[in-house]
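In what follows, a structure is listed as structure tokens, so that the remarks can point back to it.
The basis for the numbers below is simple: all heavy atoms, side chains too, and nothing from hydrogens, waters or symmetry mates. The shown structure was predicted, so the numbers you read here are calculated from the model rather than taken from an experiment. Just follow the structure's listing: the first ligand is 1, and inside any ligand the first atom is 1.
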Amino acid sequence: MGGVPGGFLESMRELLGPAGVIEDTGEIEGYTTSFWRDRSGRAPLVLRPAATAEVQAIVRAAIRHKVPLVPQGGNTGLVGGGIPDGSGRMVVVSTARMDRIRGIDPHGDHLVAEAGCVLAEVQAMAAASKRLFPLSLGAEGSCRIGGNISTNAGGVNVLRWGMMRDLVLGLEVVLGDGTLWSGLRALRKDNRGYDLKQLFIGAEGTLGIITAATLKLVRPPTQRVTAWLGLYSIEAAVELYRHARDRLGDLATSFEAIAGEGVHIAQDQLDGVAAPLAGRHGWYVLVELGWGLKTGLEAVVLDWLQEAMDLGMVEDGTIAQSEAQRQAMWRIREGQSEAAAKLGAVWRSDVAVPVERIGELVDRAELALRPIVPDAVMFPFGHLGDGNLHVNLLLPGAARWDPELAQACQTALFDVVDRMGGSFSAEHGIGRSKRLELLARKDPAEIGLMRKLKAALDPHGILNPGAVI
Ligand SMILES: Cc1cc2nc3c(=O)[nH]c(=O)nc-3n(C[C@H](O)[C@H](O)[C@H](O)COP(=O)(O)OP(=O)(O)OC[C@H]3O[C@@H](n4cnc5c(N)ncnc54)[C@H](O)[C@@H]3O)c2cc1C
């Protein structure tokens with residue numbers, strides 16, 4: 001089974017030429033296997049349009065020939081939304097060749113990027129104009145703007161500048177009926193009816209294919225301080241966060257909490273990573289602060305830390321004295337999953353609860369998961385300031401997770417989160433891997449509304465069927 005109608009293939013070869021159509025099975029595999037190689041699907045071909053008009057022509061041909069399409073950016077998504085299912089019928093539409101920055105306006109604090117621009121390149125382009133594009137996450141060297149928008153990506157700077165949703169001013173989108181919506185506005189205020197761009201942000205390719213976006217830029221902080229702190233417990237980290245907000249207001253741009261298990265695994269397994277602190281601690285906090293004044297931030301941070309130490313919240317700490325030291329701290333934070341994967345099979349999650357209840361979440365997760373996987377190493381970490389933790393589990397020595405065991409862990413953790421009024425998907429989305437959970441756990445009225453939107457914007461059901469809804 002599988003394949004595409006001959007007429008569709010012919011029209012795509014004609015439309016896109018050899019650079020835009022991949023038919024070689026070996027090459028296709030890179031587009032049908034997930035980042036961590038824990039999920040794969042099948043596709044008869046991959047299309048690589050280079051312009052918006054080509055995306056529109058692809059969608060129109062797909063409607064004519066009833067071919068389902070999976071939009072794909074950098075393929076770093078963690079919920080299987082950007083790779084096809086196993087049917088062998090879905091065609092991947094990669095935005096990799098749509099990677100132009102169409103324009104940058106530093107005085108208006110925005111730029112227009114095509115969907116296939118790599119996030120790190122957008123950051124670099126903003127920096128070259130003395131501006132900051134604040135979205136930052138571990139996969140920024142590979143993920144692409146269209147994917148960031150479609151997953152409403154979060155990352156490490158949400159505390160100060162918000163999620164992707166807060167950074168998009170306008171969009172250009174090809175809808176499921178083949179219509180092109182040119183909404184590349186740069187307005188800060190625009191209340192002319194529904195805010196349509198918000199529909200496509202976080203829609204995971206189910207409502208339209210984003211081809212370009214107007215993105216908000218900010219002034220980069222002129223001073224930045226990065227501190228690595230050792231703490232006794234997650235409760236102390238929450239207390240420290242509250243203390244930081246009370247004393248320093250909005251100065252923190254990142255406030256990341258990491259369980260000792262994950263830090264020690266990263267320090268032991270990653271090449272060239274030195275431990276920032278001599279001793280070992282139950283939990284660690286990586287906090288980054290920035291402001292627009294030219295001097296004085298380090299003294300303010302040291303005062304705050306001294307007070308926090310006097311109050312017993314922090315056991316030990318250090319401030320990065322160079323960019324290399326700062327990078328080493330972030331390497332530990334970002335490298336935990338990679339380090340843990342060297343020791344066995346890793347199960348990942350992405351949950352959120354109110355910040356004040358993060359400690360309770362860790363306790364309840366331990367209680368719920370331990371009986372299911374007594375030998376697993378739990379190494380939660382995440383964006384404490386956003387109430388978002390990745391409660392991850394390592395099965396030492398295992399090659400992969402048994403699907404039933406993984407499902408049992410997922411159900412147990414999601415039940416805990418539901419009971420706490422939280423979210424079982426804080427920033428990674430639903431994709432294919434959490435679709436049934438969404439249908440089972442979300443308010444039926446909301447599911448009904450989502451179905452109506454899907455039917456209105458993708459009436460032929462060709463955009464990423466089987467993902468999200
Ligand atoms: C090491 C690592 C660290 C990560 N850290 C974070 C983190 O801190 N925060 C966070 O939020 N995420 C994180 N992620 C997840 C991932 O990087 C983000 O979800 C990212 O935004 C996905 O971008 P992408 O281009 O790779 O999208 P893809 O994986 O290619 O696609 C993701 C989804 O978007 C859809 N899509 C892609 N492009 C388009 C388009 N042009 N139009 C319509 N739909 C489209 C796809 O169909 C799919 O449903 C991390 C991933 C890895 C591997």
(message) Is any side-chain heavy atom of F381 closer than 4.5 Å to one of V263?
(response)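 Of all side-chain heavy-atom pairs linking F381 with V263, none is under 4.5 Å.
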(message) Is there a side-chain contact between R364 and R357 in this structure, where contact means two heavy atoms from C-beta onward sitting under 4.5 Å apart?
(response)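 Yes, side chains in contact.
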(message) The criterion is side chain to side chain donor-acceptor pair (under 3.5 Å); which residues satisfy it with E288, sequence neighbours excluded?
(response)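 Checked E288 against side chain to side chain donor-acceptor pair (under 3.5 Å); matches are T226, R326, W330.
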(request) Apply side-chain hydrogen bond (donor to acceptor under 3.5 Å, both in side chains) to the pair Q407 and E437, showing each step before the final yes or no. (result) CA-CA 10 Å; Q407 183 58 50; E437 299 281 4; 3.2 Å; yes
(message) Would you say H390 and Q336 are linked by a side-chain donor-acceptor pair, where the criterion is simply a distance under 3.5 Å?
(response)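 Per modelled atom types, Q336 and H390 side chains form no pair under 3.5 Å.
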(message) Suppose we call two aromatic rings close when their centres sit under 6.0 Å apart. Are H264 and F379 close by that rule?
(response)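 For H264 and F379, the ring centres are not under 6.0 Å apart.
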(request) Might you list the protein residues in contact with ligand 1, defined as having a heavy atom under 4.0 Å from one of its atoms, sorted by chain and number? (result)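 Residues within 4.0 Å of ligand 1: F35, P71, Q72, G73, G74, N75, T76, G77, L78, G81, G82, T95, A115, L137, G138, A139, C143, R144, G146, G147, N148, S150, T151, A153, G154, G155, E204, G205, G208, I209, I210, H383, E427, H428, N464.
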